[in-house]
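Below is one structure, written out as structure tokens, with a few remarks after it.
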2 protein chains.
Amino acid sequence: MRAKKEVFRRYLRENGLRFTPERGRILEAAVSQSAHFDAEELYLKLRRRYGRISKASVYRTIPLLVQCGLIRAVGHHDGRYHYEYIYGHAHHCHLRCLECDKMVEFTLNSLNEIEGQVGKKYRFIVTGHRLEFHGYCLQCSRAIKKNRHSPVFDSSP
Amino acid sequence: MRAKKEVFRRYLRENGLRFTPERGRILEAAVSQSAHFDAEELYLKLRRRYGRISKASVYRTIPLLVQCGLIRAVGHHDGRYHYEYIYGHAHHCHLRCLECDKMVEFTLNSLNEIEGQVGKKYRFIVTGHRLEFHGYCLQCSRAIKKNRHSPVFDSSP
DNA sequence: ATCATTGCAAAAGCTTTGCATAAGA
DNA sequence: TCTTATGCAAAGCTTTTGCAATGAT
């Protein structure tokens with residue numbers, strides 16, 4: 001299953017950009033990331049695996065992968081953007097713990113329908129949506145109950 | 001209607017914090033912001049209106065307003081967090097144009113119900129959700145069709 | 001009289017950019 | 001060969017933090 005590479009190659013070709021070893025490796029690293037990732041994690045992984053790679057290349061490649069639909073930005077917390085590989089995966093929503101950052105993924109079909117209605121009503125071409133539920137997971141909500149004197153800060157976006 | 005100020009005062013008191021003129025002004029500025037705002041806009045507005053105020057105070061106060069439910073972070077784009085005043089407003093979702101940043105607000109009641117189901121299923125205490133639809137508004141989608149040679153970058157979170 | 005808050009400036013992060021060198025097409 | 005891409009380091013931005021002075025309670 002190397003369709004993803006073909007998608008990337010085609011996207012690059014059609015935009016007068018070049019397919020380079022670095023870009024190939026960055027794509028591979030993004031794909032093989034088990035869950036969500038950020039630019040730094042991608043960079044470190046590439047560093048370990050191949051040695052020479054620059055952060056600039058990672059940062060310059062990420063928007064290309066977003067643009068051709070292979071990955072998407074999931075959100076922004078802790079001061080960084082977080083991404084996930086999406087090509088060939090069903091669209092899904094996230095449930096995130098504000099305390100420990102645990103993430104659960106789940107699908108919600110009804111939104112696709114709503115997307116169309118909303119687009120029609122407000123005359124938008126709706127290209128996607130992002131839905132995140134947030135709160136506290138079992139462990140964290142227990143921990144918080146115990147020491148309710150240490151204030152929990154929800155500075156999340 | 002000064003309930004918002006009372007909410008803030010009470011929150012501060014209960015946490016051993018002090019109500020200061022600066023904090024009062026920052027709250028006022030956030031409230032009187034017609035739509036969405038970011039830290040810089042708030043700062044400039046306060047600057048114009050009162051003169052002396054520091055960015056640090058704005059940045060230090062925003063999390064307090066979030067914490068006590070008077071404002072919330074709507075998202076992160078263009079490298080900044082964006083907020084909106086929510087106290088006393090019905091919860092709503094956003095539809096955003098990726099090109100010109102135009103925002104439309106609309107409500108979607110079905111999500112509250114789903115929130116409960118999801119929380120039960122994954123054993124989370126769900127405290128809220130954030131749903132954003134995105135795409136292109138009428139004007140922008142027209143403009144993009146015309147000059148489809150200038151690639152549109154969706155670098156949004 | 002205390003102790004939190006302010007303002008200022010400096011620091012901290014993440015992300016972007018300039019430039020010389022390397023290398024796809 | 002002609003451009004685009006890379007790596008490095010520097011710059012850019014938003015946001016955070018240290019500290020002396022100020023001010024709320």
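Letters A, B, ... mirror the listed sequences (proteins, then strands); counts begin at 1.
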Between dT16(D) (P) and R80(A) (CZ): distance, integer Å: 13 Å

Residues that H94(A) engages under ring pair (Phe, Tyr, Trp, His ring centres under 6.0 Å), provided they are two or more places apart: H36(A), H92(A)

Nucleotide range of DNA chain C lying under 4.0 Å from chain B heavy atoms: dC3(C) to dC8(C)

Salt bridge (charged side-chain N to carboxylate O under 4.0 Å, His left out) contacts in which one or both residues fall within residues 106-127 of chain A, not counting sequence neighbours: none

Atom pairs under 3.5 Å, N or O on each side, protein against nucleotides 17-23 of chain D: can you list them with distances?
{"from": "dG23(D)", "atom 1": "N2", "to": "R18(B)", "atom 2": "NH1", "distance (Å)": "2.8"}

Residues 17-29 of chain B side chain polar contacts: donor-acceptor under 3.5 Å, at least two apart:
{"from": "T20(B)", "atom 1": "OG1", "to": "R23(B)", "atom 2": "N", "distance (Å)": "3.1"}
{"from": "R23(B)", "atom 1": "NH1", "to": "R18(B)", "atom 2": "O", "distance (Å)": "2.7"}

Length of the NE2-P vector between H76(A) and dT15(D), whole Å: 8 Å

Salt bridge (charged side-chain N to carboxylate O under 4.0 Å, His left out) partners of residues 48-77 of chain A, not counting sequence neighbours, each pair once: E40(A)-K55(A), R72(A)-E84(A)

side-chain hydrogen bond (donor to acceptor under 3.5 Å, both in side chains) involving E6(A) - partner list, sequence neighbours excluded: none

Protein-nucleotide distance (K55(B), atom NZ; dT15(D), atom C1'), rounded to Å: 10 Å

Nucleotide dT25(D), atom C1' - distance to CZ of R13(B) in whole Å: 12 Å

Rounded interatomic separation in angstrom, taking CD from E14(B) and C1' from dT25(D): 17 Å

Ring centres under 6.0 angstrom apart (H76(A), H82(A)): no

Residues in side-chain hydrogen bond (donor to acceptor under 3.5 Å, both in side chains) contact with S57(B), at least two apart in sequence or another chain: S54(B)

Qualifying residues under side-chain hydrogen bond (donor to acceptor under 3.5 Å, both in side chains), relative to R47(B), sequence neighbours excluded: Y43(B)

For F133(B), all residues meeting ring pair (Phe, Tyr, Trp, His ring centres under 6.0 Å), sequence neighbours excluded: H129(A), F106(B)

Bend angle of the helix from dA1(C)-dT25(D) to dA25(C)-dT1(D), end axes from five pairs each (to 10°): 40°

Gap between atoms CZ and P, on R52(A) and dA5(D) respectively (whole Å): 17 Å

Nearest-Å distance for atom pair CG/P, residues L65(A) and dA5(D): 13 Å

Partners passing salt bridge (charged side-chain N to carboxylate O under 4.0 Å, His left out) against R13(B) (at least two apart in sequence or in another chain): none

Comparing G79(B) and L17(B) on DNA chain D - which has the more 5′ nearest nucleotide: G79(B)

Side-chain donor or acceptor of T127(A) paired with backbone N/O of H134(B) under 3.5 Å: yes

